[in-house]
Amino acid sequence: MLAEILSKMETLSPKESAERARQGRLRAAFMREIRREEERDQKMREDGRHKFSQDQAAITIQKVWRGYLQRKRTLQDRKTEMEFIGMLPSSTQGAPSGFNAVASLGDSVRRLLQVEKEEEYQLAVVKTQDTLKETEGPDLKEKMKEQIRQWFIECHALTGRFPDYPDESLGGSYMIFADKTPEQVKMELETQAQEGKKKDQEKTKEKENEKKEKKKKKGKEDKTKGGEADLTLKVMPSKFVPMINAGHEEYINLWKNRDDSMYPNPSFDPETLREEKRKEMEQEIRIQVDELMRQELKALHLAVDKEEARPLKVPKNKAGKKAGKKKKDKDLTFDRPADSLFKELVMFGFLKKSETVALKDYVGDCLYLGSTLNLAKKLPMPSLFDIRQNIALYGVLRLGSPDIHSMAPLIRSILLVGPPGMGKKMLVKAVCTETGANLFDLSPDNLQDKYPGKAGVQMLVHLVFKVARLFQPSVIWIGNAEKNFYKKVPKEEKEMDPKRIKKDLTKALRLLSPGDRVMLIGTSDRPQLAEMKGLCRTYERILLMPRPDYASRYVLWKHMLEAQVGQAAQSLDISALAMVSDGYTPGHIVQAIQSVLTERRLLQLSKRPLVASEFLGHLAKLEPVYREEEEALKDWYFKTPLGKKMMKLSKDQDAEETKPTKEKKKPK
């Protein structure tokens with residue numbers, strides 16, 4: 001659907017198409033003149049040569065004719081051989097009949113027959129539905145009502161009160177018809193008692209048989225003492241046997257004794273069609289009957305309560321107490337199909353086609369200095385490998401697997417925080433690629449001049465989350481997420497009003513249930529500008545992405561250069577490049593490699609080998625991430641709830657490590 005809509009949007013304008021058509025006509029005329037000149041030259045050359053003699057012309061004609069005759073004979077011999085071995089019907093027999101006649105026809109005739117039979121079948125479907133509704137529908141409706149009323153009376157006689165009507169999600173009146181009457185229960189109890197007696201008799205017989213078998217085994221063991229025990233391979237029963245038996249029973253019950261003489265050349269089976277449509281009609285009538293009988297049951301409840309002087313209690317929520325169930329969101333687009341909502345979001349640019357990016361392409365290595373930093377009482381920062389692993393756990397596994405999504409703790413949103421060039425957008429695209437999720441863009445820059453006013457914002461958020469649920473798995477991405485929670489909106493952005501989506505976004509997130517495979521992923525490089533409370537309430541998990549360490553930079557340089565150059569990268573001093581690029585992000589490294597390894601430079605590799613110093617000039621032009629910026633991000637992160645927990649955990653570990661040393665010093 002997305003590809004079709006985008007292809008329609010990318011059609012050329014009439015001016016461009018007219019200009020291209022004019023250029024095409026000029027080019028065609030020019031090529032036609034060149035071709036005519038070439039033909040004239042060729043004719044002049046042929047006139048200068050000697051003409052074919054009559055003998056040569058006769059030989060050419062004879063060769064072509066003999067080849068045609070031989071090919072025809074070969075095809076005929078092949079056909080007779082296939083008829084002889086039974087692979088083709090013999091041509092001596094009469095005209096084929098029935099199915100063989102249809103098979104012998106051409107493809108076009110068969111297609112016409114298929115269309116005719118399909119039209120005939122569709123007409124028969126409509127006709128059977130109408131006849132069943134007219135003939136059997138009213139009787140079936142009354143029968144269902146009588147059965148449900150009888151169930152009301154029996155339950156009232158047994159319990160003294162009318163029962164609760166089953167919910168639609170449980171099947172409605174289907175559950176009532178599946179339940180058993182008291183008489184059926186008595187019959188089942190009697191049969192169970194008889195079966196219990198039979199089982200007791202069988203158990204006594206089995207015990208006697210076991211005693212006899214034990215005596216026999218003892219005799220055999222005495223004979224085979226000192227010998228090796230016999231090991232026999234026991235085959236477990238197959239899981240597919242019940243399926244095969246069920247298919248066999250279906251064949252015996254339905255198709256084995258079926259008389260097809262009534263319909264010699266059927267395009268469909270009217271009996272099976274009638275049975276299928278009867279089931280569909282029963283379901284439709286059952287829904288209608290359920291609505292009527294629910295109203296009737298309510299009236300009965302009210303009448304009984306009035307007689308017993310018991311007013312019907314309506315549960316009310318006291319002031320100050322929260323309701324147990326969540327309020328359902330009002331469907332603002334209940335009268336519109338899902339396709340139109342999908343198309344609207346694509347047209348306005350909120351639903352985009354994600355680029356194919358594999359998660360393994362986010363290259364990085366582990367933090368090897370984690371233990372030494374812990375010993376020095378310093379908190380180790382996550383490496384690129386840790387970030388990729390967390391994205392796989394929080395994003396890919398939860399969205400990709402419905403089972404993991406239902407069993408794991410519910411996480412509705414993630415915030416990726418880090419300096420520009422760390423690959424935050426790349427990770428969002430990787431989550432969409434690995435899970436096959438749709439990508440919705442609710443970034444503040446994308447909201448400008450779209451859906452104005454409070455009602456417009458409410459409708460937009462409703463549309464995005466509704467379509468995301470219908471076409472799940474889905475990822476809702478918000479770039480520059482701090483703008484939605486600005487402490488103070490800058491003067492340049494006041495017209496955009498980036499905070500207008502804040503309230504509706506938090507409400508929509510709370511309505512996501514464990515069954516909804518929808519995730520909000522925000523990216524930010526300046527989270528200090530946002531309100532801490534609002535940001536942390538909206539985003540349940542915050543992943544800090546600091547500058548890459550030496551190991552990650554080494555792996556990144558090596559991977560990128562080998563992908564571009566191949567074996568020529570082995571001669572480079574990658575360790576020196578990793579040392580020099582300290583403070584630069586993966587995006588900076590990729591830019592430096594792309595600016596050096598142009599098409600012209602790649603062609604010169606055989607004559608002029610690649611040197612590490614070529615990348616230094618391009619790296620120097622880029623602005624690195626300074627230590628002060630990274631420290632500011634770390635300070636902000638440790639003020640978040642997750643950062644505070646991390647700090648507390650490290651302090652507790654330090655306190656536990658210092659306790660034994662103090663206890664040893666006391667005796668001295």
Side-chain angles (χ1 to χ4, degrees), residues 355-374 378-397 416-431 433-434 523 525 543-597 601-602 605 609-620 622-627 629-630 633-634:
E355 297 177 15
T356 53
V357 178
L359 190 62
K360 64 180 181 180
D361 293 339
Y362 191 79
V363 183
D365 205 352
C366 302
L367 183 66
Y368 295 104
L369 297 175
S371 57
T372 55
L373 289 170
N374 283 326
K378 290 183 179 179
L379 278 174
M381 286 291 104
S383 64
L384 298 183
F385 178 82
D386 298 329
I387 292 161
R388 186 178 69 189
Q389 191 175 12
N390 278 314
I391 287 293
L393 291 172
Y394 289 130
V396 176
L397 282 176
L416 303 177
V417 176
M422 283 300 300
K424 297 185 286 294
K425 292 178 188 175
M426 180 183 177
L427 288 173
V428 174
K429 293 171 185 175
V431 171
T433 303
E434 297 292 343
T523 57
D525 53 359
L543 300 180
L544 180 64
M545 302 171 68
R547 300 178 302 172
D549 57 346
Y550 171 79
S552 294
R553 292 196 302 273
Y554 183 87
V555 172
L556 188 62
W557 276 105
K558 187 177 180 183
H559 176 79
M560 292 299 297
L561 288 170
E562 284 180 353
Q564 292 281 336
V565 180
Q567 294 182 353
Q570 295 177 359
S571 60
L572 284 170
D573 191 357
I574 297 173
S575 178
L577 287 171
M579 289 289 290
V580 170
S581 58
D582 186 15
Y584 290 94
T585 62
H588 292 149
I589 294 170
V590 171
Q591 283 181 27
I593 292 171
Q594 287 177 351
S595 56
V596 171
L597 296 177
R601 184 67 184 89
L602 289 171
L605 284 175
L610 196 63
V611 185
S613 58
E614 294 182 41
F615 299 96
L616 299 179
H618 294 278
L619 273 176
L622 301 170
E623 190 173 357
V625 178
Y626 296 104
R627 198 170 294 278
E629 296 176 24
E630 189 176 10
L633 281 174
K634 287 180 185 178

Please confirm whether the backbone N or O of [Y] pairs with a side-chain atom of [X], one donor and one acceptor, at under 3.5 Å?
| X | Y | value |
| --- | --- | --- |
| Thr585 | Met422 | no |
| Arg547 | Val625 | yes |
| Glu434 | Leu359 | yes |
| Thr433 | Ala358 | no |

Distance (rounded to the nearest 0.5 Å) between [X] [atom1] and [Y] [atom2]:
| X | Y | atom1 | atom2 | value |
| --- | --- | --- | --- | --- |
| Ser595 | Arg601 | OG | CZ | 12.5 Å |
| Ser581 | Ile574 | OG | CD1 | 11.0 Å |
| Leu416 | Met426 | CG | CE | 13.0 Å |
| His588 | Leu619 | NE2 | CG | 9.0 Å |

Query raised in the report: Taking atom CD of Glu355 as the centre, does the number of heavy atoms from other residues, nucleotides or ligands within less than 6.0 Å exceed 12?
Result: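 Atom CD in Glu355 is not crowded, with 12 or fewer foreign heavy atoms closer than 6.0 Å.
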
Report task. Please indicate whether Lys558 has more than 12 foreign heavy atoms, meaning atoms of other residues, nucleotides or ligands, lying under 6.0 Å from its NZ. Result -> no

I need the minimum non-hydrogen distance between [X] and [Y], along with the two atoms involved.
| X | Y | value |
| --- | --- | --- |
| Ala578 | Tyr550 | CB-CE1, 3.6 Å |
| Pro420 | Asp525 | CG-OD2, 3.4 Å |
| Pro624 | Gly583 | CB-O, 3.6 Å |

Query - Leu577/Ile589 under side-chain contact (heavy atoms from CB on, under 4.5 Å): CA gap, chis, key distance, verdict - result: CA-CA 10 Å; Leu577 287 171; Ile589 294 170; over 6 Å; no

Does [X] reach the side chain of [Y], with side-chain heavy atoms less than 4.5 Å apart?
| X | Y | value |
| --- | --- | --- |
| Pro548 | Leu556 | no |
| Ile391 | Leu543 | yes |
| Met560 | Val363 | no |
| Leu633 | Pro546 | no |

Query - ring pair (Phe, Tyr, Trp, His ring centres under 6.0 Å) partners for Tyr362, two or more places apart - result: none

Query - Leu597/Leu610 under side-chain contact (heavy atoms from CB on, under 4.5 Å): CA gap, chis, key distance, verdict - result: CA-CA 9 Å; Leu597 296 177; Leu610 196 63; 3.9 Å; yes

Query - Sole residue of Val417, Ile387, Leu384 in side-chain contact (heavy atoms from CB on, under 4.5 Å) with Met545 - result: Ile387

Report task. Among residues two or more places apart or on two chains, list those pairs meeting ring pair (Phe, Tyr, Trp, His ring centres under 6.0 Å) that have a residue in residues 552-571. Result ->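 Found Trp557-Phe615.
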
